[in-house]
Q: 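Sharing a structure below in structure tokens format, with a few things to ask.
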Amino acid sequence: MSKIITDKLIEEKLKEVETKNQVIIDDSVPEQLELNEALFCTALDNFIRNGLKYNDSGTKYVKIYLEADYHKGSFICVEDNGRGLTGEEFIELSKPYARKEGQKESGTGLGLNISISILKEHGFSVWADKLEQGTKITINTTY
């Protein structure tokens, strides 16, 4: 585990991704978190790719930003404008090899499971909420 500058790490990681112009990184993302850089980026990258892959909007995007609450702690949010997942669907699709019935897109059904496992291993909790348009994945970064 190492301390890193998170928003810079995310920007650096996105230089390698072909969809970087569809990702908005708010400068409020926490400056430092103690984590394994490669694993954290793998989890975040999966959320970004899923947010764009399962998105039928004309203008696809994913926003990454910080939400902070004095009583509840701080949270990194990954929000897309795609089809949207309820919290229950998120839990179901987090199981290994789980895929939505009738899904056209290819995949193994392991990405979400692996990403959540990585974040839980770091001590973070993860959940999702369906928005009016899209999904908001929340990562509780408070230890």
Side-chain angles (χ1 to χ4, degrees), residues 1-70 72-100 103-143:
M1 299 273 229
S2 61
K3 286 202 173 213
I4 51 111
I5 306 297
T6 307
D7 58 348
K8 299 298 179 213
L9 169 71
I10 296 167
E11 288 175 16
E12 194 64 33
K13 174 69 177 164
L14 288 176
K15 287 181 183 176
E16 306 164 13
V17 178
E18 67 277 0
T19 56
K20 64 184 171 200
N21 59 341
Q22 295 172 296
V23 181
I24 303 159
I25 305 170
D26 190 281
D27 60 4
S28 66
V29 171
E31 291 183 9
Q32 293 190 357
L33 291 174
E34 194 169 320
L35 46 77
N36 179 299
E37 177 180 324
L39 291 176
F40 182 79
C41 283
T42 297
L44 202 58
D45 184 56
N46 184 68
F47 294 150
I48 292 167
R49 289 177 187 273
N50 283 348
L52 297 172
K53 181 179 184 179
Y54 302 105
N55 190 324
D56 302 321
S57 300
T59 306
K60 302 175 185 187
Y61 67 82
V62 173
K63 295 190 296 188
I64 302 171
Y65 59 94
L66 175 73
E67 276 189 359
D69 181 286
Y70 180 76
K72 296 179 183 176
S74 61
F75 310 90
I76 295 176
C77 300
V78 182
E79 182 179 316
D80 65 62
N81 67 332
R83 300 174 193 166
L85 283 176
T86 64
E88 293 80 21
E89 289 172 321
F90 183 77
I91 291 168
E92 279 302 308
L93 293 172
S94 298
K95 296 177 181 173
Y97 306 106
R99 298 186 34 87
K100 273 190 169 182
Q103 185 173 306
K104 297 175 238 159
E105 296 84 4
S106 64
T108 62
L110 288 172
L112 199 53
N113 178 267
I114 292 169
S115 297
I116 292 169
S117 296
I118 288 169
L119 294 170
K120 284 183 178 181
E121 187 66 28
H122 281 82
F124 303 149
S125 56
V126 186
W127 63 92
D129 295 297
K130 186 170 185 169
L131 305 173
E132 189 172 314
Q133 170 132 13
T135 303
K136 176 180 167 185
I137 296 175
T138 305
I139 304 166
N140 183 344
T141 59
T142 306
Y143 297 100

Q: With sequence neighbours left out, what residues match Lys130 under salt bridge (Lys or Arg N to Asp or Glu O under 4.0 Å)?
A: none

Q: What I'd like to find out is whether the side chain of Ile76 reaches to under 4.5 Å of the side chain of Tyr65, using heavy atoms alone.
A: no

Q: Tell me, please, which residues at least two apart from Ile114 pass side chain to side chain contact (heavy atoms under 4.5 Å, CB included).
A: Leu110, Ile118

Q: Are the side chains of Leu112 and Phe47 in contact, using a 4.5 Å heavy-atom criterion?
A: yes

Q: Drop me the distance from Thr138's OG1 to Trp127's CH2, to the nearest 0.5 angstrom.
A: 5.5 Å

Q: Do the side chains of Glu121 and Leu39 get nearer than 4.5 Å, heavy atoms only?
A: no

Q: If every non-hydrogen atom of Asn55 is compared with every non-hydrogen atom of Lys60, which pair is closest and at what distance?
A: O-CE, 3.0 Å

Q: Apply side-chain contact (heavy atoms from CB on, under 4.5 Å) to Phe75 and Asn140, showing your working.
A: CA-CA 5 Å; Phe75 310 90; Asn140 183 344; 3.6 Å; yes

Q: Can you tell me how far apart CZ (Phe40) and CD1 (Ile139) are? Round to the nearest 0.5 Å.
A: 5.0 Å

Q: Indicate the atoms forming the closest heavy-atom contact of Asn81 with Ser57, along with that distance.
A: O-OG, 2.7 Å

Q: Looking at Gly84 and Thr135, what are the two nearest heavy atoms and their distance?
A: CA-OG1, 3.0 Å

Q: Tell me which one of Leu131, Asp129, Ile64 satisfies side chain to side chain contact (heavy atoms under 4.5 Å, CB included) with Glu79.
A: Leu131

Q: Among Ile48, Leu52, Asn46, whose side chain to side chain contact (heavy atoms under 4.5 Å, CB included) with Asn50 holds?
A: Asn46

Q: With sequence neighbours left out, what residues match Lys136 under salt bridge (Lys or Arg N to Asp or Glu O under 4.0 Å)?
A: Glu67

